Structure formats: structure tokens, C-alpha cells
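Since this is a predicted model, take the numbers as computed values, not measurements. Numbers here are sequence positions counted from 1.
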Amino acid sequence: MKKNIYQLLNEVETDFREYEQTELSSREKEYHKQKFLMEVKRMDKMNRKNKNRKIWKIAAGMAAACVLTVGVTSVANPVLAKEIFSSVFGNLVENAQGEKYEKEDTEMYTKLGKNATSVQDEIGRLQEQGNYVTTMENNGVTVSVSDVYCDGYVLYYTASIKTDDEGLNRADGIITETKEGPNPSISIDGATLSGYASKAFDKSKDGSFVTINQLDLLNPTDTKEKPMDLKVGEKDTLVVDWDVKQFVGYLWDQWEESGEYVSTGKVEGDWHLRFPVTIDRSGNESFDINKEENGILVKSAVRTKAGLVVEVELPDFTKAPYNDPYNDPYMGIKDSEGNWLQWMNQQTDMHEDGTSTIQIMVLYDGEKDLTFDVTSKDEEPVNFASIGFRIP
């Protein structure tokens, strides 16, 4: 069976002591977020520079590097954040203080926190019973799902762990995936998604561990890596089943001789959570753009409560005048000051002639004047297009 990217990452190891810390440019940050593997890309770049070294990553490292930490620009005080958002969001805000990407994640989770709904409210508004389980305890570990957000393009849910296990409680963070397995699974309306990896649970000052996870509704695939049609557009409510088989604690700043993070303990068991998510389309608004430059056409956009989905027609970049052998330039959306808007999701439909249609979803906070930017990845980058457009 073909392995997904997360299974491949489970088979690799790295010693992070071999690396020196580097600051990514705003363009690099945006590109790597588009692939949702920012740190993995950075490791790959380092691997090419150090061809004689084995520079890989275990799943624990991947989960730690890609964990989404949050802050709130308009709610800089973590105590105040806990009053405005749920306790899980409040702990995430508190954990984010001083983190490297605090500003970027601040913007994202400000929007999500304001529009998220508690799972209990979701259940309360439904008339029928769905045998929902939002909290489960097994072998001394209690897992709970707290908040959900879905606009039909992405689905987010927050979760927390409380445990009396001594090993897990000594950890900086807890993950659910390791190369030994068994690994978690996630299903929407009974269809199991591929490529799912739960983000690490980071420890909070109150002793709980918290996280937030994203599910792709733009371009979901099944366990055989084939595209899925979840018929999201025809539904008002989705039912999510989340199965976890193990929790492994790690110290993020200590490594074994093999290069793996130091583990503080593992608890195996069976945790099955089931919860509903209402698709909130109340803020969705569509409009045409139809602006073209150098064979690149920005067609239309949909504005949601938290994001902006832009549809673009792209040429075959391997051909003249682009001459990009990989057909894979940097792409993203900038605000009027030249800052990249944060990537949330993306779908790409490749055509037989090498052209493609893409939908890029970015975090949106009311910016009016935007630019779709396409630039080569050469050492001396070539700008293929900078298409300005205005959001009504």
C-alpha cells in the first residue's frame, strides 16, 4: 500500500543538535505553510547541504515542529483570553507567549477563537441523538474535545488531555503517532481520511495538555490516497469520529543518542470520541474577480467568517516564458503592505495539458486591497505575476 507523508515521516530519525537555527523569510514561511510541512521542508534543505549526514525526522519531531501554537493580538493578556474564549483556547494562548511564530498564529487563532463553537452547544442544537462522546477516560488518561469551527472548507477542533500518569505528566508534550504505531484515525460521516496526523498536545500551566487540529475539506483523500467526495456542500452537519490508541510523552529540549526526543512514558488504550460539527456558512460570500497577468488568471473568491478562498487558473510553468522545470513556483496572497496572508488550505486540480486550477484559502481579516503573487524559486527569483485585486 502506498504510504502517506506521515507514515514516511514515522520511519525517519534526526538529531536536532546538528542544526543551527535560521529565521525564514515571510515568503518562505508562506510557502511551507502551503505544504503544511514547514519544518520538514527546512530539514530537507539542510539535508541537501549536508549530504553525508543522515538528516531525518521521527513522527515525534514532526508533531513538535508542526504543532500550532497560538496567541491573540487583540487579547494579549492570557488571563483575559481565558475569559473570552474557552479554557482550551486560553491555555493555547498562554502557551504561545514568546514562541517563534507567535504573531502569525496569533492572527489565525484570534479568528478561529471568535468563531468557534463549543461541542456541547453543537450537541444541544441538534434534535436527534448521535451517540456522541466528547470526553473519554481510559487507563488514567482523559481526552476531551472542546471547540469546533467549520465553514465548509476547513474543520478545526480543540482537544485536551488530563492524566494522573506520572510519565506523561513529566512531558513537555504528548503525541499520538509514533513509528511503532498503532496510530490514530479520523473519519467524517463514516469515511476515514488519509494523511491525518494529530498535532502534539502541549503542556499548560494548569497541568493539562492542549492542542488544535485541522481537517482538510477542500481536498480530502481516503486511506488509499484517492480523492474523496464528502458531499460537504449538501450537508449542514458533519459527524467526526476520532480514534486514538496511544499517548507518548516527550521532552522537546532533550534528545537520545539516536537523535530522537527523550520519551517520558507511554500509555496505550482505546479512546473513541465522536462529535458533531455544524457547517457555518452564514458569513460566506462569493464574488468574481477575473484579473489576468502573464497567463495567470485570478477568477473568483469566497469570503468566510475566518478565511478567503481564491480560485486561480495557472499555466504550465515548465513552458516559456516561465521555464520552471518543476512547475512549482512560490504562490500566495499579500496584503497592501506586502505581508503574506496566512495559508489555511489548498486544492489543486491538474489538467492533462500541464495547466491547473487551484483554490487557496488564507486567513482573512477584512483586508480590501490584495495581491496574488507568483515567483520562481530560483536563487535569483523571477516574478511571474503580481495581480492586484480588491475585496468588496
Side-chain angles (χ1 to χ4, degrees), residues 24-38 41 68 70 73 101 103-112 114-115 149 151-154 156 214 216-219 283-315 317 322 324 326-350 355-378 381-392:
L24 300 175
S25 68
S26 60
R27 176 175 292 173
E28 287 173 322
K29 290 178 186 177
E30 177 63 19
Y31 170 69
H32 295 308
K33 282 188 177 183
Q34 287 180 9
K35 302 303 182 183
F36 202 42
L37 293 169
M38 180 192 302
K41 289 286 186 180
L68 300 176
V70 302
T73 302
Y101 297 111
K103 181 180 181 298
E104 290 86 344
D105 293 326
T106 288
E107 297 169 354
M108 187 171 195
Y109 289 97
T110 298
K111 296 293 293 186
L112 293 178
K114 289 178 179 178
N115 292 291
Y149 169 79
D151 54 14
Y153 297 96
V154 291
Y156 288 95
Q214 173 183 332
D216 178 8
L217 301 183
L218 262 180
N219 192 33
N284 294 11
E285 181 181 1
S286 304
F287 47 90
D288 294 327
I289 298 175
N290 293 319
K291 298 194 69 175
E292 186 269 343
E293 180 182 328
N294 201 21
I296 299 166
L297 173 65
V298 179
K299 293 182 61 179
S300 59
V302 178
R303 177 171 48 205
T304 75
K305 284 187 174 180
L308 181 73
V309 184
V310 180
E311 183 172 333
V312 182
E313 296 286 353
L314 299 174
F317 288 105
Y322 320 101
D324 178 357
Y326 302 105
N327 198 19
D328 187 27
Y330 288 111
M331 289 179 288
I333 298 172
K334 295 180 178 180
D335 63 18
S336 59
E337 297 180 354
N339 301 309
W340 295 97
L341 300 190
Q342 288 193 67
W343 179 89
M344 297 177 73
N345 203 359
Q346 181 172 325
Q347 179 182 17
T348 302
D349 294 322
M350 295 298 302
T355 64
S356 61
T357 301
I358 66 169
Q359 288 180 297
I360 295 179
M361 184 176 192
V362 293
L363 190 71
Y364 183 70
D365 197 27
E367 298 89 347
K368 295 298 184 182
D369 295 304
L370 302 175
T371 301
F372 181 74
D373 189 271
V374 184
T375 305
S376 73
K377 297 175 185 172
D378 301 324
V382 178
N383 182 253
F384 295 148
S386 291
I387 303 174
F389 59 97
R390 185 171 177 81
I391 306 299

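With contacts defined as side-chain heavy-atom distances shorter than 4.5 Å, the pair M331/I358 qualifies. Residues L341 and L363 form no side-chain contact, since every pair of their non-hydrogen atoms from C-beta on lies 4.5 Å or further apart. Using a 4.5 Å heavy-atom threshold, the side chains of I387 and I289 count as separate. Counting heavy atoms from C-beta on, the side chains of I296 and L314 come closer than 4.5 Å. Contact of the V312 side chain with the I360 side chain is not registered, since no non-hydrogen atoms from C-beta on lie closer than 4.5 Å. In this structure, the side chains of T371 and S386 come closer than 4.5 Å at one or more pairs of heavy atoms.
Of all non-hydrogen atoms in N219 and D216, the two that sit nearest each other are N-OD1, 3.0 Å. The nearest pair of heavy atoms linking A301 to L308 is CB-CD1, 4.1 Å. The nearest pair of heavy atoms linking K368 to P392 is NZ-O, 3.1 Å. Of all heavy-atom pairs between G295 and P315, the closest is O-CD, 3.5 Å. In terms of heavy atoms, N327 sits closest to P329 at C-CD, 3.7 Å.
Just one residue in the list I333, V302, V362 forms a side-chain contact (heavy atoms from CB on, under 4.5 Å) with V310, and that residue is I333. If you run side-chain contact (heavy atoms from CB on, under 4.5 Å) between M361 and each of Q346, M344, Q347, only M344 comes through.
Heavy-atom neighbours of F287 CZ from other residues, nucleotides or ligands within 6.0 Å: above the threshold of 12.
In this structure, N284 CG and Y153 OH are separated by 6.0 Å, a value rounded to the nearest 0.5 Å. Distance check: T357 OG1 to M350 CE gives 9.5 Å after rounding to the nearest 0.5 Å. Rounding to the nearest 0.5 Å places NZ of K291 at 13.5 Å from CZ of F372. The distance from the CG atom of D328 to the OG1 atom of T348 is 9.0 Å, given to the nearest 0.5 Å.
A donor-acceptor contact shorter than 3.5 Å links the side chain of E367 to the backbone of D365. Side-chain atoms of S336 do not come within 3.5 Å of backbone N or O of D369 as any donor-acceptor pair. Between the side chain of D335 and the backbone N or O of G338, at least one donor-acceptor pair lies under 3.5 Å. Side chain of R303 to backbone of Y364: no donor-acceptor contact under 3.5 angstrom is found. W343 contributes a side-chain N or O that, together with a main-chain N or O of N345, makes up a donor-acceptor pair within less than 3.5 Å.
Looking at N383 and T375, their side chains do bring a donor and an acceptor atom within 3.5 Å of each other.
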Self-check item: Step-by-step salt bridge (charged side-chain N to carboxylate O under 4.0 Å, His left out) determination, K305 to D151
Solution: CA-CA 8 Å; K305 284 187 174 180; D151 54 14; over 6 Å; no

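With sequence neighbours excluded, the residues satisfying ring pair (Phe, Tyr, Trp, His ring centres under 6.0 Å) with F384 are F317, Y322.
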